[in-house]
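Just follow the structure's listing: the first ligand is 1, and inside any ligand the first atom is 1. Only this structure's heavy atoms are used, side chains among them; waters, hydrogens and symmetry mates stay out.
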Amino acid sequence: MTEAAQLIDALNTTFGRHKGCRASHAKGFAVAGRFLPAPAEPAANIPLLHAEQPVVARFSIGGGKPGISDKSPTVRGIGLTIGSGPDLWTLALISAPVFFASSAQQFVDFLAARVPDPKTGAPNPEKVKAFNIANPNTLPHQEYLKSTSPCRCYSTERFHSAHAYRFSVADDPVAARVLLEPAAGRVGLTENEMAELPDDFLGHALQTTLEARPASWTLKLVIANVADELSDPTAPWTGENQEISLGTIRIDKLDKSEDSLSRVFDPAHLPQMVGAPDDLVFPLRSNAYAVSKARRSG
Ligand code: HEM
């Protein structure tokens with residue numbers, strides 16, 4: 001069996017296999033908008049982003065359960081494709097600043113520790129505890145989710161790449177993580193909202209927002225400091241990092257087209273002048289997403 005199939009098996013074993021759905025980030029919906037370049041002379045040399053571009057995106061909740069509550073304490077995601085020609089950029093970002101695994105084995109072990117116990121229908125806390133003790137690098141992701149209230153609307157969520165990509169800034173090579181910073185600021189649910197909102201509110205919340213105005217994020221590069229870990233997407237960057245704005249992602253409307261709903265947001269699609277992250281997780285993603293796509297039909 002290929003490594004990609006093993007990764008998807010791990011997701012399917014923990015979350016079940018659901019016809020028509022992605023093995024991970026199963027619950028979500030698509031939207032459309034534009035990329036608008038920053039008005040100042042671009043600091044980073046990414047030719048694709050020197051002009052306005054169409055954007056297709058999909059908001060989602062992490063995990064492979066299509067019926068998961070919008071209040072659940074897991075990551076929110078955005079998959080987005082910037083551009084429509086041969087030079088385009090596909091990103092799939094999450095609401096936590098770091099990922100939950102730094103290798104294929106750790107991804108599989110993380111999920112294996114969370115296979116629901118048939119007696120309780122929930123993960124066995126002893127198995128989760130043993131995984132955490134053996135894999136302390138995965139704790140920052142889990143701690144972020146425990147300490148952060150789920151977002152009130154996708155338009156008030158921050159999204160991170162966790163991977164460090166390679167860029168050219170003022171002709172110098174730099175490593176940077178990608179950040180989508182919401183113009184409206186990050187807003188989490190209050191305790192009352194947690195208690196009172198239904199399990200499905202995020203679609204309606206975004207639709208209501210878009211009826212009033214587009215939802216916008218600044219697309220930023222968060223430049224690595226010398227001490228920052230570049231090859232481990234589970235490692236937080238804890239200092240002050242310089243940030244460069246590349247422009248604005250503006251989402252205008254929900255998009256119910258089949259092409260957008262079924263799209264694979266394969267992060268291997270990089271534009272000219274953006275180099276692939278140098279970690280063990282990034283090269284796993286393209287094949288894993290293809291296996292998930294192939295299994296969606298049955
Ligand atoms: C071992 C590494 C990873 C594996 C095996 C994996 C697996 C998957 C799979 C199977 C899907 C569904 C693909 C599809 O059917 O189109 C998916 C979607 C997604 N993943 Fe990952 N993933 C990994 C790493 C990451 C990382 C590092 C991030 C971000 C930091 C991320 C963010 C997302 C997002 C946002 C989506 C939803 C995209 C959409 O809406 O279609 N994943 N992942």
Exercise. Look only at the side chain of Thr156 and the backbone of Arg186, and say whether a donor-acceptor pair between them is shorter than 3.5 Å.
Key: no

Quiz item: Taking atom types as modelled, is there a side-chain donor on Asn241 or Arg177 under 3.5 Å from an acceptor on the other?
Solution: no

Quiz item: Can you tell me which residue and heavy atom of the protein come closest to atom 3 (C) of ligand 1, and the distance to 0.1 Å?
Solution: Phe107 CE1, 3.7 Å

Quiz prompt | Contacts of atom 21 (Fe) of ligand 1 with protein N/O/S atoms, counting only those under 2.8 Å | solution = Tyr289 OH

Practice problem: Tell me which protein heavy atom sits closest to atom 10 (C) of ligand 1, plus the residue, atom name and distance to 0.1 Å. | Solution: Ile8 CD1, 3.4 Å

Quiz item: Side chains of Asn192 and Thr190: donor-acceptor distance under 3.5 Å anywhere?
Solution: no

Quiz item: With under 30° as parallel and over 60° as perpendicular, where do the rings of Phe59 and Phe159 fit, or are they tilted in between?
Solution: tilted

Exercise. For Phe265, take its heavy atoms, then give the atoms of ligand 1 lying under 4.0 Å from any of them.
Key: 39 (C), 40 (O), 41 (O)

Practice problem: Verify the distance criterion only: is there a donor paired with an acceptor across the side chains of Arg295 and His18 at less than 3.5 Å? | Solution: no

Practice problem: Assess the side chains of Asp109 and Asn135: does a donor N or O sit below 3.5 Å from an acceptor N or O? | Solution: no

Self-check item: Sub-3.5 Å N/O-N/O distance, Arg296 and ligand 1
Solution: yes

Practice problem: Can you sort out which atoms of ligand 1 are near Ile94, meaning under 4.0 Å from one of its heavy atoms? | Solution: 29 (C), 30 (C), 32 (C)

Quiz item: Does ligand 1 have a heavy atom under 4.0 Å from the side chain of Ala104, from its backbone, from both, or from neither?
Solution: neither

Quiz prompt | Passing candidate, side-chain contact (heavy atoms from CB on, under 4.5 Å) with Ile61, options Ser72, Ser95, Ser24, Ser69 | solution = Ser72

Quiz prompt | For atom 41 (O) of ligand 1, the protein heavy atom that lies nearest, with its residue and separation | solution = Arg22 NE, 2.7 Å

Quiz item: Testing Leu88, Val55, Asp266 for side-chain contact (heavy atoms from CB on, under 4.5 Å) with Thr81, which one passes?
Solution: Leu88

Quiz item: Under 3.5 Å, is there a donor-acceptor pair between the Thr90 and His269 side chains?
Solution: no

Practice problem: Check the side chains of Thr209 and Gln207 for a donor-acceptor pair under 3.5 angstrom, ignoring hydrogens and angles. | Solution: no

Quiz item: Do other residues, nucleotides or ligands put more than 12 heavy atoms under 6.0 Å from Glu191 CD?
Solution: no

Quiz item: Taking non-hydrogen atoms only, is Leu93 closer than 4.0 angstrom to ligand 1 via side chain, backbone, both or neither?
Solution: backbone

Quiz item: Are Asp255 and Ser257 close enough that a side-chain donor and a side-chain acceptor fall under 3.5 Å?
Solution: yes

Exercise. If you have a sec, work out which protein heavy atom is nearest atom 2 (C) of ligand 1 and how many Å separate them, to one decimal?
Key: Val281 CG1, 3.5 Å

Quiz item: For Ser292, is at least one N or O under 3.5 Å away from an N or O on ligand 1?
Solution: yes

Self-check item: Nearest-neighbour protein heavy atom for atom 24 (C) of ligand 1, which is reported as residue plus atom name and distance
Solution: Phe99 CZ, 3.2 Å

Exercise. Please determine if Ser161 has a nitrogen or oxygen closer than 3.5 Å to a nitrogen or oxygen of ligand 1.
Key: no

Quiz prompt | Numbered atoms and elements of ligand 1 in range of Ile78, under 4.0 angstrom, heavy atoms | solution = 35 (C)

Exercise. Pull out every atom of ligand 1 sitting under 4.0 Å from any heavy atom of Leu284, numbered as shown with elements.
Key: 1 (C)

Exercise. Identify the protein heavy atom lying closest to atom 40 (O) of ligand 1, giving its residue, its atom name and the separation to 0.1 Å.
Key: Arg58 NH1, 2.7 Å

Exercise. Could you tell me how the ring of Phe167 sits relative to the ring of Tyr165: parallel (under 30°), tilted (30 to 60°) or perpendicular (over 60°)?
Key: tilted

